[in-house]
Structures are given as structure tokens and as C-alpha cells.
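In what follows, a single structure is set out as C-alpha cells and then discussed.
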Amino acid sequence: MKEKNQSQSEQVNNKIIRHVYRLPLEGKDQITIDINKTRYEVINLEVNGAGILVNDDEAISIGQQLKVIILHLGDDQIKLQGRVVHISPRDFQFICGIKFEYVSEENRKILIDFLRRQKKNLFLNR
């Protein structure tokens, strides 16, 4: 019975990480995304998407399909596809929301493991 409850608990934790929690990132985390040979700072991340900072003169628009995204998570690099779902002003830049599409199970696992470690570190340091 304990194994069943533990398994159910892990499934609930996975759903929370996958669908609810967007991890805020700081500059020291060094998480970046490459799109069209340009590197962007990632300011928040979850399994299904990310927020990046862009300048107003960047060639990114809402609805734009991004065929090649390289997400740098420390020592790991993940190749993804996605699309721009929103662009919002922030100080002298813009936050660009990207929804990841076609995430392989292997990449999903890498993302979930990374998010779990970061979330744990975030709450331990408070």
C-alpha cells in the first residue's frame, strides 16, 4: 500500500511541476536559449515553456514558429521546437513567452529533473 501511495504522490508532484509551477531563474543560474543563432536569457522555465528577455528590435513575433530551439541547462543541452505565445513589456526589454512543442520523453525527463533540483535549491535557500 505504501508503494502505491508513494507512486501516486510522485504522479501528483510531476503534474504540479508540469502544469502549474513556472520556476523563476536568476542570472546566476545561467540558463539560456538559442533561437536563430541568437542567445537569450531565460527568466522562467517549466516543462512546457519558458520566458526569455528580448529587445524591442528582435525579430520575434507572437505566433511565430520556432523550429530549432537549443535550451542550455547547465551541462545539458536540449533541442526543442516551439512557438511564441506572448510578448509583454518589462523595463527596457520584453518578456517573450515560448510554448515548447514536440518535447520527447527523454527531454521531458531532463527538464523535470532539472526543475526538481532547482525548485529544491530555491526553497532550501530561503
Side-chain angles (χ1 to χ4, degrees):
M1 184 70 151
K2 186 175 181 178
E3 285 182 26
K4 184 176 181 181
N5 286 341
Q6 185 175 6
S7 177
Q8 287 174 339
S9 176
E10 288 174 6
Q11 288 176 352
V12 168
N13 285 338
N14 284 344
K15 285 183 182 176
I16 290 170
I17 289 172
R18 288 181 185 161
H19 300 294
V20 177
Y21 190 75
R22 187 171 285 260
L23 181 71
L25 299 170
E26 299 175 5
K28 66 181 170 76
D29 295 314
Q30 293 299 305
I31 308 307
T32 58
I33 280 183
D34 294 344
I35 301 170
N36 298 330
K37 300 180 182 179
T38 301
R39 183 158 289 179
Y40 298 95
E41 176 186 356
V42 177
I43 59 168
N44 58 53
L45 180 67
E46 59 125 349
V47 173
N48 297 314
I52 63 172
L53 288 178
V54 299
N55 295 317
D56 62 352
D57 60 348
E58 302 284 344
I60 292 180
S61 59
I62 296 173
Q64 181 179 351
Q65 293 294 318
L66 306 171
K67 297 294 182 191
V68 179
I69 300 170
I70 306 296
L71 176 61
H72 301 272
L73 300 171
D75 294 334
D76 292 318
Q77 288 187 14
I78 299 174
K79 187 174 180 181
L80 301 161
Q81 293 181 18
R83 74 182 155 84
V84 177
V85 292
H86 75 82
I87 298 175
S88 307
R90 176 185 170 185
D91 299 327
F92 298 103
Q93 292 180 301
F94 293 87
I95 298 173
C96 175
I98 298 172
K99 180 180 186 312
F100 299 143
E101 299 175 343
Y102 315 111
V103 180
S104 71
E105 282 305 311
E106 180 182 346
N107 286 343
R108 185 174 298 279
K109 182 180 180 327
I110 291 169
L111 276 166
I112 289 171
D113 290 345
F114 174 82
L115 289 168
R116 280 191 181 134
R117 287 191 311 271
Q118 294 297 320
K119 184 178 175 184
K120 187 177 182 179
N121 290 338
L122 177 70
F123 291 113
L124 283 177
N125 292 330
R126 288 192 176 210

Notebook entry, point to check: When you look at L71 and I31, which way does the side-chain contact (heavy atoms from CB on, under 4.5 Å) test go after all the steps?
Noted result: CA-CA 8 Å; L71 176 61; I31 308 307; 4.1 Å; yes

Compare every heavy atom of [Y] with every heavy atom of [X], then report the nearest pair and how far apart it is.
| X | Y | answer |
| --- | --- | --- |
| C96 | V84 | SG-CG1, 3.6 Å |
| L45 | A50 | CD1-CB, 3.9 Å |
| V42 | I33 | CG2-CG1, 3.5 Å |
| I60 | Q64 | CA-OE1, 3.1 Å |
| R108 | V103 | N-CG1, 3.7 Å |

From [X] [atom1] over to [Y] [atom2], what is the distance, rounded to the nearest 0.5 angstrom?
| X | Y | atom1 | atom2 | answer |
| --- | --- | --- | --- | --- |
| Y102 | K67 | OH | NZ | 6.5 Å |
| I69 | E101 | CD1 | CD | 8.5 Å |
| F100 | I78 | CZ | CD1 | 8.0 Å |
| Y40 | N55 | OH | CG | 8.5 Å |
| L53 | N44 | CG | CG | 9.0 Å |
| Q81 | S104 | CD | OG | 11.0 Å |

Next item on the list: Is it possible for you to say whether F94 and I62 belong to one hydrophobic cluster, with membership spreading through side-chain heavy-atom contacts below 4.5 Å?
Entry: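 Result: yes, single cluster for both.
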
Next item on the list: Check for a donor-acceptor pair, side chain of D34 on one end and backbone N or O of I70 on the other, with a separation under 3.5 Å.
Entry: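 Not confirmed, D34 side chain does not pair with I70 backbone.
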
Would you say that more than 12 heavy atoms from the other residues, nucleotides or ligands in this model lie under 6.0 Å from the [atom1] of [X], or not?
| X | atom1 | answer |
| --- | --- | --- |
| E106 | CD | no |
| D76 | CG | yes |
| K109 | NZ | no |

Checklist line | Contact check, side chains of L111 and L73, non-hydrogen atoms, under 4.5 Å | finding: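 Side chain of L111 against side chain of L73, heavy atoms only: contact under 4.5 Å found.
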
Notebook entry, point to check: So do N107 and I110 actually touch side chain to side chain, heavy atoms under 4.5 Å?
Noted result: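 Contact flag for I110/N107 side chains = yes.
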
